[in-house]
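Below, all heavy atoms of this structure are taken into account, side chains as well, without hydrogens, waters or symmetry copies. Protein chains get the first letters and strands the later ones, always in sequence-line order, with residue 1 at the start of each.
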Amino acid sequence: MMSQTNDNTPKVRTRFPPSPTGALHIGGARTALFNWLFARHHGGQMVMRLEDTDQKRSKQEYVESIISAMTWLGLDFDEGPFYQTKRMDRYKEVVQQMLANGTAYWCHCSPEEVQAKRDAAMASGGKPMYDGTCREKGLGPADGAVVRFRGPCEGVTAFNDLVKGPISFDNKELDDLVIQRSDGTPTYHLAVIVDDIDMAITHVIRGDDHVSNTPRQIQLIRALGMEPPLYAHIPMILGPDKKKLSKRHGAAAVIEYEDMGYMPESMLNALARLGWSHGDQEVFSRDELIELFDLDAVGRSAAVFDIAKLNALNHKYIQSAEPKRLMELLPPFLAKRGITDYDAAVLEKALPELVARTENLIMLAEWAEPYLVADPEMDPKAVSKVLQKEGAAQALDAVAALVREIGAEDTGAMDAAFHKLAEDMGVKMGQIAQPVRVALTGRTASPGIFEVMAILGSEAVLNRLERAKDFAA
RNA sequence: GUCCCCAUCGUCUAGCCAGGUCCAGGACACCGGCCUUUCACGCCGGCGACACGGGUUCAAAUCCCGUUGGGGACGCCA
């Protein structure tokens, strides 16, 4: 159904049209992703458009934050960003055209009058709609007048939604909506359809909160003698309480996840799996997503965004990431811990031992710290629980001797030496390894002790062993 | 209120369109075990769902109707 089978079929062009009244949220990002994937999969294009006609709420800083969130996710666009506020003349022109061909009319009803009629309709059990008072009056422009669409009163407006299937609305349910405000600016519906047509959009992929907007937009487009694009309404994303995802649910802005230590590839993967699937596959690279994504595998029901799943994915991605990739993502997180000057070679050596233990970049930085600073902070609990125990000082001395003899870098030999030492001292491995671990890292948890020694190198190991004796009993 | 949409484990979902291979599969989470010098990783196992009621059919998670529940829309917001 979606494949482009003949040359007359226009090339796929999708659009992502956020209104710059806030940061890019999970839901918007998923919409952007689906539009982007669909366009990329079909070798088409995505255009970026900013629906900023609400000049009170739209801000340039939001434009920048939305685009930077998209950049973080790697969602680029082929055209734009276009600003609706820069296309006002065009919208006015279209309104004039509709006024001229009779598909729109001037309405002099005041907002208060209209609202009163709506309330009355609602009170008597009907749908709150404009009653068409000015529809046949043949009025002209006036102070405070708006322009309304002259919608069909009979029949149905139907469309075949690419994810939900056939949907139809009785035209009686649709009232004559305002297309131009009294200040001369266009309303949302008018601006959207003009843009979708002018920008040659072939597929409108958006949240299913727009389903009921669709018949009106189709009518508007037809009133201009044009054919509407195809529509695909994707299910909404809900919070854990099954309500529309919002700030109440904690981090909803995509960009916050960057600061929380998530890799963009994790986020992309998690977003893709919300409402879309490919059999039992859970992990997808960007390229796989492009290759496999299509609208027919998009589900119809709303999905709850589960942070635990994102965590699991992030863990997986960190674990399988190239050290190089991690090293380019890590500096900001290290800097937050005050670590700006460190030996990159040590970090690179440590990384493979650390990744299995962390599910985000914040944790990774935390785990990396003891290897990157000269005197890692000693956890008081670790000191009292391990270092200040009977035999800890002797173990430290014995290990120092081993290091001088074998060198901390020879993991295999050190392993053997530790076992022999434990046997000679008549203690369990843990009674040697734990004091050494605390001495070397300041903590009770770390990678394997031999790996830790190899990462640090003989010199640092000896220094730390010596230093730890001050803490030992 | 009216209209529209949706309904499989706690969560994301496969299966549904082309009914039997499904006493429903995977992933995350959770629980237990193994591994083990710590913390993890990993591995093995467990718990756990077709919203309800009718119908069609030899046979329904799959098709139809209804009920219930949820969501959305009904702006001179987008």
Side-chain angles (χ1 to χ4, degrees), chain A residues 17-19 21 51-54 56-58 84 107 109-111 114-115 118 121-129 144-148 161 164-165 167-170 172-175 177-183 185-189 191-192 207-216 233 235-236 238 240 242-244 270 273-283 296 299-313 315 319 353-359 367 382 386 415 418-419 422 428-434 436-438 441 443-450 452:
Chain A
S19 73
T21 53
E51 308 206 328
D52 57 349
T53 55
D54 183 344
K56 285 185 287 290
R57 296 196 301 142
S58 298
Q84 289 188 327
C107 168
C109 297
S110 72
V114 174
Q115 188 55 47
R118 261 197 283 271
M122 187 93 96
S124 64
K127 196 168 185 168
M129 300 199 297
V146 299
V147 177
R148 285 184 186 273
D161 194 280
K164 290 178 186 291
I167 298 177
S168 69
F169 289 80
D170 224 314
K172 284 195 289 286
E173 298 293 331
L174 279 10
D175 64 355
L177 78 168
V178 172
I179 57 176
Q180 185 178 86
R181 300 183 186 106
S182 53
D183 66 1
T185 59
T187 58
Y188 164 72
H189 290 287
V192 164
D208 69 9
D209 47 339
H210 284 287
V211 168
S212 48
N213 288 332
T214 305
R216 348 194 56 140
H233 289 98
M236 313 223 68
L238 278 19
K242 305 250 183 187
K243 302 276 183 212
K244 202 169 178 176
R273 285 287 289 102
L274 276 180
W276 175 81
S277 63
H278 181 71
D280 284 341
Q281 190 171 343
E282 297 286 346
V283 179
D296 52 14
R300 290 160 302 269
S301 49
V304 172
F305 178 69
D306 183 13
I307 191 88
K309 196 112 184 185
L310 210 215
N311 288 337
L313 272 171
H315 176 246
Q319 217 175 158
E353 298 299 331
L354 268 20
V355 289
R357 286 157 235 268
T358 62
E359 66 182 20
W367 275 83
V386 178
D415 191 338
F418 260 62
H419 279 91
K428 287 186 176 168
M429 268 290 279
Q431 289 177 264
I432 300 172
Q434 279 306 84
V436 173
R437 187 184 321 281
V438 175
T441 66
R443 308 172 184 184
T444 52
S446 83
I449 195 63
F450 311 122
V452 170

Taking the [atom1] atom of each, how far is [N] from [M], in whole Å?
| N | M | atom1 | answer |
| --- | --- | --- | --- |
| B:G42 | B:C52 | P | 36 Å |
| B:A27 | B:C4 | P | 40 Å |
| B:A51 | B:A14 | P | 14 Å |
| B:A7 | B:C16 | P | 14 Å |
| B:G19 | B:U57 | P | 16 Å |
| B:G25 | B:G20 | P | 16 Å |
| B:U36 | B:U21 | C1' | 43 Å |
| B:U8 | B:A24 | C1' | 8 Å |

What nucleic acid atoms does [X] come within less than 4.0 Å of, heavy atoms only: base, sugar-phosphate, or nothing?
| X | value |
| --- | --- |
| A:T21 | nothing |
| A:G448 | base |
| A:F450 | base |
| A:P447 | base |
| A:I449 | base |

Separation of [N] [atom2] from [X] [atom1] (nearest whole Å):
| X | N | atom1 | atom2 | value |
| --- | --- | --- | --- | --- |
| A:I432 | B:U36 | CD1 | C1' | 16 Å |
| A:K428 | B:U38 | NZ | P | 10 Å |
| A:E173 | B:C5 | CD | C1' | 15 Å |
| A:D161 | B:C5 | CG | C1' | 10 Å |
| A:M429 | B:C35 | CE | C1' | 15 Å |

- prompt: Are A:S446 and B:U38 close enough that a side-chain N or O sits under 4.0 Å from OP1 or OP2?
  reply: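 Indeed not, no polar side-chain atom of A:S446 lies that close.
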
message: Can you list everything that forms a side-chain contact (heavy atoms from CB on, under 4.5 Å) with A:A312? Sequence neighbours excluded, please.
response: none

Identified pairing partner of [N], criterion: Watson-Crick or G-U wobble below 3.5 Å:
| N | answer |
| --- | --- |
| B:G66 | B:C52 |
| B:C34 | B:G42 |
| B:A73 | B:U2 |
| B:A18 | none |
| B:U57 | none |

[X] side chain vs [Y] backbone, donor-acceptor pair below 3.5 Å:
| X | Y | answer |
| --- | --- | --- |
| A:T187 | A:V178 | yes |
| A:R443 | A:V438 | no |
| A:R437 | A:G448 | no |
| A:T185 | A:R181 | no |
| A:Q281 | A:V283 | yes |

- request: Quickly, which of A:K127, A:R148, A:R216 forms a salt bridge (Lys or Arg N to Asp or Glu O under 4.0 Å) with A:D175? Name it, please.
  value: A:R216

field: Contact state string [nucleotides 62-78 of chain B, B base, S sugar-phosphate only, - no protein heavy atom under 4.0 Å]
entry: ---------SSSBSBBB

- request: With the side chain counted from C-beta on, respond yes when A:K309 and A:E282 share a heavy-atom pair under 4.5 Å apart, and no when they do not.
  value: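 Answer yes - side chains close enough.
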
- prompt: Which glycosidic conformation, syn or anti, is assigned to B:C41 if syn requires a torsion within 90° of zero?
  reply: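 Here the answer is syn: the torsion falls within 90° of 0.
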
query: If you take all heavy atoms of A:I449 and A:F418, which pair is closest and at what distance?
result: CG2-CE2, 4.3 Å

message: To the nearest 0.5 Å, what is the distance between NE2 on A:H233 and OG1 on A:T214?
response: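 Nearest 0.5 Å value for the NE2-OG1 distance: 3.0 Å.
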
message: Using a distance-only criterion (donor-acceptor N/O pair, under 3.5 Å, no hydrogens), is the base of B:C41 paired with the side chain of A:R357?
response: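 Side chain to base: no pair below 3.5 Å.
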
What does the list of N/O pairs under 3.5 Å between the protein and nucleotides 26-29 of chain B look like, with a distance for each?
from: B:G26; atom 1: N2; to: A:E282; atom 2: OE2; distance (Å): 2.8
from: B:A27; atom 1: O4'; to: A:E282; atom 2: OE2; distance (Å): 3.3
from: B:A27; atom 1: N3; to: A:K309; atom 2: NZ; distance (Å): 2.6
from: B:C28; atom 1: O2'; to: A:A308; atom 2: O; distance (Å): 3.4

- request: Indicate whether any N or O donor in one side chain lies under 3.5 Å from an N or O acceptor in the other, for A:H419 and A:D415.
  value: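 Present: a donor and an acceptor within the cut-off.
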
field: A:K164 or A:V304, whichever maps to the more 5' nucleotide of RNA chain B
entry: A:K164

